Amino acid sequence: MMKRSDSFSVASFVSVAAFMAASIPLSAQDDGDEQIFTLDPFTVSSEGDVGYLSPNSVSATRTAISSVELPFSLRTLNQAFMEDTGSVDFNDNFRYVAGATAARQGPSQVSGRVNLRGFTTIDTKRNGFVVRGQGIYNNAYIERIEILKGPQSVLYGIGRPGGSINLITKKPLSIDRTDVTFKVGSYDYYQATVDTGGPLIEDTLNYRLVVDYTTSGSYINGVESERNFVGGGVEWFISDMTKLSVDFNINDYDYVDPALVPFAPDADGVRKEAPGLDRTFSALGNDHNFDSTYDETALWVTLTHKFNDTWAVRSAFEYLDIDQDRYRRQRSGLANLTAQTNRYRDELDSFYDRSTMLQTDLTGTFEIGDSITNEILIGTLFEDNTFSRVRWRGREIDQINDGGTPTDPSDDFVETVINGGTFNLNYLDPIGPVRVPSFFGTSEGVQESRDRVNDTIVFYAVDQISLMDDQLKLFVGLRKEETDEVRTKANVSVDPAVRLPDSDKTFEFEDYQLGFTYLFNPNTSVYASFSTSSRNNPNFVDDPEDGDGFDIGYKFNLNDGKLSGTLSLFDIELSNIENRDLDGNPALSGVIESRGAEIELLYQPTENLNIFAGYSYVDSEVLSDNRRPQNVGQPDRNVPENSLSFWGRYNFEEGTPLDGFGVGFGYKFTDSTRANNSTNTHDSYSTADVAFYYETEIGDRDLRLQLQVRNIFDEDTWVASEALAPTDVRLTAKIGW
């Protein structure tokens with residue numbers, strides 16, 4: 001590992017060189033549209049999209065590249081696909097992606113996590129930058145999503161080996177365009193969005209502005225959310241070789257989530273709804289089970305300069321500020337609904353997470369002899385991250401059953417008196433609002449303060465080597481990362497002046513990626529790759545969580561993009577997972593292996609028909625777990641062995657009586673999964689969705705009407721330990737000019 005002083009000097013040189021190069025005076029551009037496509041080698045244009053197919057990617061190598069040339073699996077969800085499938089939140093987007101299943105399911109999971117190839121993703125990326133902690137993502141501001149399968153730490157840092165997700169936000173427009181969208185749906189869902197953009201100065205300065213307001217209830221009693229969002233930016237073509245972009249978003253999100261929804265395993269260990277309860281049930285009533293406010297401010301400044309036809313540099317700065325306050329009444333000690341004693345604890349968390357990042361990439365192409373071409377990317381990243389959290393914990397209180405069954409509403413639970421307030425905690429018939437008790441911050445509760453400061457420096461390099469008249473492409477990547485972390489903790493309720501000793505640690509990582517692609521022709525290829533991933537273990541500085549994976553496959557893009565797909569086989573192992581031993585002490589006891597196969601297909605036989613389909617087989621197994629030895633030999637939680645998905649849209653022919661109408665149909669099968677950290681399972685399930693479209697022109701206005709019906713057969717089951725939402729209907733009206 002390089003010394004920190006050396007790392008900073010290299011990164012500083014590249015960053016300063018980028019900004020100096022961008023200041024070189026150059027001639028004015030002639031054609032704005034042409035420059036938008038050719039100036040920036042780091043930007044992918046949507047002009048090449050064919051239906052749901054986006055043949056190029058920017059996430060894989062941070063430069064625009066054909067996906068057929070990549071030595072690993074990539075899936076892109078473009079604007080057409082997300083709009084047709086009616087995606088409204090984070091988990092929605094991955095509904096039909098092979099190998100992707102919900103890691104957490106819930107009515108307000110706009111910040112949910114996804115299982116890819118058997119591992120839960122962490123630290124989703126936005127415009128190539130990691131979003132630390134709990135990011136809240138707004139679909140109204142997302143242009144496309146790129147999903148890289150397998151370990152991807154070389155370019156994107158710490159993460160899990162199942163894959164990496166990069167959300168690409170909407171960019172300024174070179175032509176005037178405004179879209180106004182209204183959505184209304186089941187469970188008091190209402191959304192209004194204005195998306196506008198165009199040139200402020202022809203061929204020189206473009207803008208984009210997105211304003212969104214969303215409010216929603218839920219199929220679970222007492223759950224509601226409200227979101228106010230503003231995002232946008234400007235793009236300044238300083239010359240035909242230099243561009244400056246400034247983007248921002250302001251996100252204000254308030255939501256109330258349910259307390260844990262009760263369930264109980266049946267005789268076969270399959271989790272079912274508890275007797276007398278259904279999926280609309282909220283365990284502690286309708287008042288403030290988990291009440292949270294979330295505020296995010298993000299700013300990106302990107303400077304791109306093209307030296308000539310082969311060399312370019314980009315330097316990007318991100319500022320991210322996240323503040324969140326949340327209150328919850330947490331139930332613990334409940335094994336199932338026949339427990340005689342239930343324990344409750346009130347908590348109030350207040351935390352903020354602030355990051356500044358400076359990332360610089362230098363790309364270039366050079367030849368060795370007459371037959372070898374190198375396309376290289378060399379990059380650095382500085383990050384300063386500050387996280388602070390204050391938590392108040394109320395004392396735990398017991399609810400004693402008098403001997404009856406907890407599912408009997410007439411059962412007499414003991415009323416518990418806290419500071420003069422009486423709370424009947426019979427969760428079938430709660431009395432009084434669940435509120436922040438008055439003992440927070442007093443001797444009756446515990447108040448903790450935790451601070452963490454991380455300073456990170458990264459160096460990475462990627463080289464794609466072309467041989468044999470560009471038929472054989474070798475891919476080599478290396479990343480070195482060093483993070484200094486200082487943690488401070490204080491128990492304020494005991495003595496605010498007494499702070500526990502600081503924990504000062506340095507984490508070092510080194511990841512690499514090797515692969516090759518052989519192209520039979522520009523549209524078909526075979527590939528193989530080996531890559532690694534890393535993630536720090538807080539209590540084991542010298543032993544990070546390690547992931548490594550093999551991936552081999554076949555790709556094709558035929559008939560001008562009308563038929564494309566990827567067939568892949570993979571074998572991934574994640575080791576050095578930090579758990580705790582049976583005595584509660586930190587231990588490196590976790591090892592999980594995941595191997596399997598994926599098939600993803602995009603088919604557009606005619607302009608009127610688009611099909612997106614996928615199948616995934618995942619053989620997941622916990623190889624080691626000292627804390628829960630009963631899990632050894634079991635698949636990891638929430639990982640189905642088989643999953644199958646399909647989405648298709650058909651537009652009726654022009655000139656026929658149904659001209660302008662279209663219909664869509666979706667299907668998803670998910671195999672049974674292991675629930676949480678137990679040997680209990682969730683049943684397999686199938687869901688079906690349908691959509692109807694009508695598109696027409698009224699004068700110079702485009703009108704689109706869309707009726708979306710999710711889970712049309714009202715499948716009632718468990719997904720990632722929460723109930724699957726019942727039938728959901730949403731109507732969308734979009735007018736643009």
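Not measured: the values here are computed from a predicted model.
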task: Return yes if a side-chain donor-acceptor contact under 3.5 Å exists between Asp295 and Gln324, otherwise no.
output: no
field: Partners meeting salt bridge (Lys or Arg N to Asp or Glu O under 4.0 Å) with Asp689 (sequence neighbours left out)
entry: Arg95
- prompt: Between Tyr141 and Phe229, what is the ring plane arrangement, given parallel below 30°, perpendicular above 60°, and tilted in between?
  reply: tilted
Carboxylate-amine/guanidinium proximity below 4.0 Å for Asp195 and Arg208: yes
message: Counting the benzene-type ring for Trp, do Trp647 and Phe612 have ring centres under 6.0 Å apart?
response: no
- request: Is it possible for you to check whether Arg595 lies under 6.0 Å from the centre of the six-membered ring of Phe570, through NZ or CZ, and within 45° of that ring's axis?
  value: no
query: Does the ring center of Phe652 lie less than 6.0 Å from the ring center of Tyr650?
result: yes
query: Between Tyr694 and Phe661, how do the two ring planes meet: parallel, tilted or perpendicular, split at 30° and 60°?
result: tilted
field: Partner set under side chain to side chain contact (heavy atoms under 4.5 Å, CB included) for Glu715, not counting sequence neighbours
entry: Tyr685, Thr687, Asn711, Thr717, Leu724
message: Tell me every residue that passes salt bridge (Lys or Arg N to Asp or Glu O under 4.0 Å) with Asp551, counting only those two or more places apart in sequence or in another chain.
response: Arg117
For Glu607, all residues meeting salt bridge (Lys or Arg N to Asp or Glu O under 4.0 Å), sequence neighbours excluded: none
message: Looking at Glu296 and Arg227, is there a salt bridge between them, counting it only when a charged N and a carboxylate O are closer than 4.0 Å?
response: no
message: Among residues at least two apart in sequence or on other chains, which ones pass salt bridge (Lys or Arg N to Asp or Glu O under 4.0 Å) with Arg177?
response: Asp179, Asp702
- line: Across all chains, not counting sequence neighbours, the side chain to side chain contact (heavy atoms under 4.5 Å, CB included) partners of Phe665 are Phe646, Tyr667, Ala688
